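What follows is a short report on a single structure.
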Amino acid sequence: MARPVEGYFTAGLDADPKLAAAIRGELERQRNCIELIASENIVSRLVLEAQGSILANKTVEGLPYGRYYGGAEFADAIEALAIERARKLFDCRFANVQPHSGSNANAAVFMGLLKLGDRILAMNVAAGGHISHGHPATLTGRDYKIDFYGVSRASERLDLDEIRDRARICRPRIIVAGGSAYSRVIDFAGFRAIADEVGAYFMVDMAHFAGLVASGLYPNPFPHADVVTLTTYKSLRGARGGLVLWNDPSLSSKIDNGVFPGVQGSVLLHGVAGKAACLGEASRPEFMDYCRDALENAAMLATTLSQSGLRIISGGTDTTLMLVDLTSRYITGDVAATALERAGLAVNKNLIPFDPRPAEAPSGLRLSSNAGTARGFGPSQYAEIGKWIDQVLGGADQANIGVVRARVEALCRQFPIY
Ligand SMILES: *Cc1c(COP(=O)(O)O)cnc(C)c1O
């Protein structure tokens with residue numbers, strides 16, 4: 001008789017001390033450092049439990065109520081719940097909640113709506129775009145022709161006249177708005193008019209500002225966009241994953257087939273449950289308070305940094321993220337990020353528009369208030385954080401870093417997580 005090994009259903013992480021030590025190390029890191037990386041957030045215990053559940057055992061393929069495998073009753077209920085919540089939250093008719101990540105969501109849309117060799121017009125990575133929008137190093141860059149638009153040199157904002165000119169010349173099949181390091185409101189109606197003029201689909205990747213859209217604090221890309229993609233784990237404050245949203249029923253089979261079997265296999269059901277949980281949270285009034293606080297905190301951080309002489313790209317932010325130009329400090333983003341990390345401040349180096357420097361050692365840093373706001377920081381904490389960043393950039397010697405590190409840890413102890 002075959003029996004499970006003793007402890008198989010009960011022992012948990014203790015059965016693997018090496019792995020357990022690394023995960024506990026990561027928990028301590030999250031507890032004791034201030035997370036300013038814009039692509040991160042801190043999820044609730046609810047989301048953590050939904051995502052880390054027995055759903056990891058279940059394989060389903062296809063859409064709810066039309067699966068290829070049996071035993072899908074509860075899987076169907078979970079996925080249908082996530083779809084229903086996504087549609088309500090973002091005020092659209094259709095949602096596919098299966099993409100494992102934002103890049104997969106984008107690849108699925110391209111796979112569904114484009115033919116091999118069709119042309120994409122998207123924001124340049126150097127100006128704040130995302131690599132999954134046709135960058136040559138990705139599958140999307142290999143399979144489609146790609147043209148880019150950037151930002152205006154003077155305003156460091158999108159210039160619809162430039163985008164219209166580009167679109168008229170390159171005649172794209174799809175125009176993509178939204179990026180990874182663009183902090184301003186995007187004129188979706190203006191993009192729609194350009195897409196109509198050249199006969200292109202209009203897609204919005206709202207990965208970074210999805211939470212703000214859910215709360216009505218940033219314009220909804222609908223009804224202007226044909227398709228909207230997003231990640232659930234940035235301002236939306238959920239676990240890692242992607243979504244695709246649309247309104248036109250004639251796009252449904254294209255997009256659904258683009259996801260599966262186009263770019264993915266079976267569903268990560270635990271991930272879908274994590275999405276359902278975060279979408280449920282995002283529909284409650286407390287989430288709007290969270291987003292309002294995150295915006296206020298980002299504004300305070302930007303103001304504090306400006307007052308210490310650090311230039312914020314485009315002069316500020318309309319979202320929870322910002323790009324900081326380090327040029328005046330004669331320090332590059334990689335060196336700055338390493339020094340800040342030693343002080344307990346997690347940030348990422350980033351290109352700034354028209355950066356004369358390479359991506360590995362760029363002129364900027366990208367910061368966000370998403371994660372700190374989730375643990376309860378308010379404007380006074382972000383004013384302090386801004387001063388600590390200034391202090392570390394002003395002198396990355398060991399003593400200085402040690403002083404900031406101690407303050408960071410004291411602040412983190414005041415705002416504990418998990
Ligand atoms: C973060 C981000 C993505 C993320 O994709 P992943 O595959 O989840 O890493 C996609 N698009 C944009 C604009 C992003 O900012």
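Everything numeric here is computed off the predicted structure, so don't read it as measured data. Order of appearance sets the numbers: ligands from 1, and atoms from 1 within every ligand.
No donor-acceptor distance shorter than 3.5 angstrom exists from the side chain of Asp159 to the backbone of Ser152, with no hydrogens or angles considered. Side-chain N or O atoms of Gln98 include one that pairs as donor or acceptor with a backbone N or O of Gly62 at under 3.5 Å. Here the side chain of Thr138 pairs no donor or acceptor atom with the backbone of Gly134 at under 3.5 angstrom.
Contact atoms of ligand 1 toward Gly179: 13 (C), 15 (O) (distance under 4.0 Å to a heavy atom of the residue). For ligand 1 and Ser180, the ligand atoms under 4.0 Å from any heavy atom of the residue are 14 (C), 15 (O). The Asp205 neighbourhood of ligand 1 comprises atoms 10 (C), 11 (N), 12 (C), 13 (C), with distances under 4.0 Å to a heavy atom of that residue. Numbered from 1 in the order shown, with element, the atoms of ligand 1 that lie under 4.0 Å from a heavy atom of Ser103 read 5 (O), 6 (P), 7 (O). Within ligand 1, counting atoms from 1 as listed, the ones closer than 4.0 Å to a heavy atom of His208 are 15 (O).
The shortest heavy-atom contact between His133 and Phe110 is CA-CE1, 4.2 Å. Closest heavy-atom contact between Pro64 and Ile83: CG-CD1, 4.0 Å.
Taking the six-membered ring for Trp and the full ring otherwise, the centers of Phe191 and Phe188 sit at least 6.0 Å from each other.
Closest to atom 6 (P) of ligand 1 among all protein heavy atoms lies Tyr233 OH, 3.3 Å.
Backbone and side-chain nitrogen or oxygen atoms of Thr231 are examined, and none is located within less than 3.5 angstrom of a nitrogen or oxygen of ligand 1. Ligand 1 has no N or O atom lying under 3.5 Å from any N or O atom of His133, backbone or side chain. Between Gly178 and ligand 1, no N or O atom pair is found at a separation short of 3.5 Å.
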Can you give me every donor-acceptor pair (side chain of residues 47-56, partner residue at least two apart or in another chain, under 3.5 Å) with its distance?
residue : atom : partner : partner atom : Å
Ser53   : OG   : Ala50   : O            : 2.8
Ser53   : OG   : Leu55   : N            : 3.4

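Between Glu79 and the choices Lys58, Arg67, Lys275, the salt bridge (Lys or Arg N to Asp or Glu O under 4.0 Å) rule is met once, by Arg67.
By the 4.0 Å heavy-atom criterion, Lys234 is counted among the residues contacting ligand 1.
For Ser39, no heavy-atom contact with ligand 1 is shorter than 4.0 Å.
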